[in-house]
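Note that this is a predicted model, so its numbers are computed, not measured. Chain letters run A, B, ... following the sequence lines, proteins first and then strands; every chain starts at 1.
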Amino acid sequence: MNYWLLKSEPEVYGIVDLKRDRTTIWDGVRNYQARNFLRSMLPGDLAFFYHSNTIPPGIAGLMKIVESNLADPTQFDPSSDYYDPKSPPDAPRWQTVRVEFVEEWAEIVSLDQLRDHFPPDDLVIVRRGNRLSVTPVDPSAAEKILDLATLKLRPSTVMPALPDLGSNPQDLR
DNA sequence: GCCAACGTTGGC
DNA sequence: GCCAACGTTGGC
């Protein structure tokens, strides 16, 4: 089982939309490196749903790959933004996967937070200049991200008890 | 809106 | 195959 990270702009299609739809085809990827990662996905793999071009950018939840090696239907649709007239119908150029909603996190695990926990070598998304919309996440990094999400889901279990500083805010100085 | 960091295109 | 020009992505 492998872990991945898939980017989308929530204004276009976000975790809320996937939650509503339960499942969707991850269409529109038109970058060969990203496509090659899509081609290597297998049913059962897990993918982090990353929200880009929003404040704050970060991971919003988790999804599962349920079908792989699908021809992206938008490449043959002349009315689609992703129409590719050069893609031969008998040898489609663009493959993708069907994903299924797993969970929406109570809070985004932000890009800032990811930078705090991972050096650039350990997580592609925090690398400077990274634009790939589909990237692999190695298992140890994935486990750590899931831990961060779990902390966010259950803050009461990890928040240390605060010392009683009194009710007057001026006492805090 | 800016702009760095790409990826793609096409003339040569 | 080179590379300048152009287009896109996405954080800030």
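- Within the nucleic acid shown, Ile55(A) has no heavy atom closer than 4.0 Å to any nucleic acid atom.
- Separating the CZ atom of Arg115(A) from the C1' atom of dG11(C) is a distance of 8 Å, rounded to the nearest angstrom.
- To the nearest angstrom, C1' of dG11(C) lies 16 Å from NE2 of His51(A).
- Residues Leu146(A) and Phe101(A) fall into different hydrophobic clusters, defined by Ile, Leu, Val, Met, Phe, Trp and Tyr side chains chained together at heavy-atom separations under 4.5 Å.
- Atom NZ of Lys7(A) and atom C1' of dG11(C) are 10 Å apart (whole Å).
- For the ring pair (Phe, Tyr, Trp, His ring centres under 6.0 Å) with Trp26(A), the qualifying choice from Phe37(A), Phe49(A), Tyr82(A), Trp4(A) is Phe49(A), the only one to do so.
- Across all strands shown, Arg127(A) has no heavy atoms under 4.0 Å from either base or sugar-phosphate atoms.
- A heavy atom lying under 4.0 Å from DNA chain B marks none of the residues of residues 8-15 of chain A.
- Taking 4.5 Å as the limit, some side-chain heavy atom of Thr74(A) sits within range of a side-chain heavy atom of Arg30(A).
- The CG atom of Leu5(A) sits 17 Å away from the P atom of dT9(C) (whole-angstrom rounding).
- Taking atom CG of Asn130(A) as the reference point, atom P of dC12(C) lies 12 Å away to the nearest angstrom.
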- Where protein sits on nucleotides 2-8 of chain C, one letter per nucleotide: B base, S sugar-phosphate only, - none, heavy atoms under 4.0 Å: -----BB
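- Between Arg131(A) and Ser52(A), the side chains place no donor N or O within less than 3.5 Å of an acceptor N or O (distance only, hydrogens not considered).
- When rounded to the nearest whole Å, the span between CD1 of Ile125(A) and P of dT9(C) equals 14 Å.
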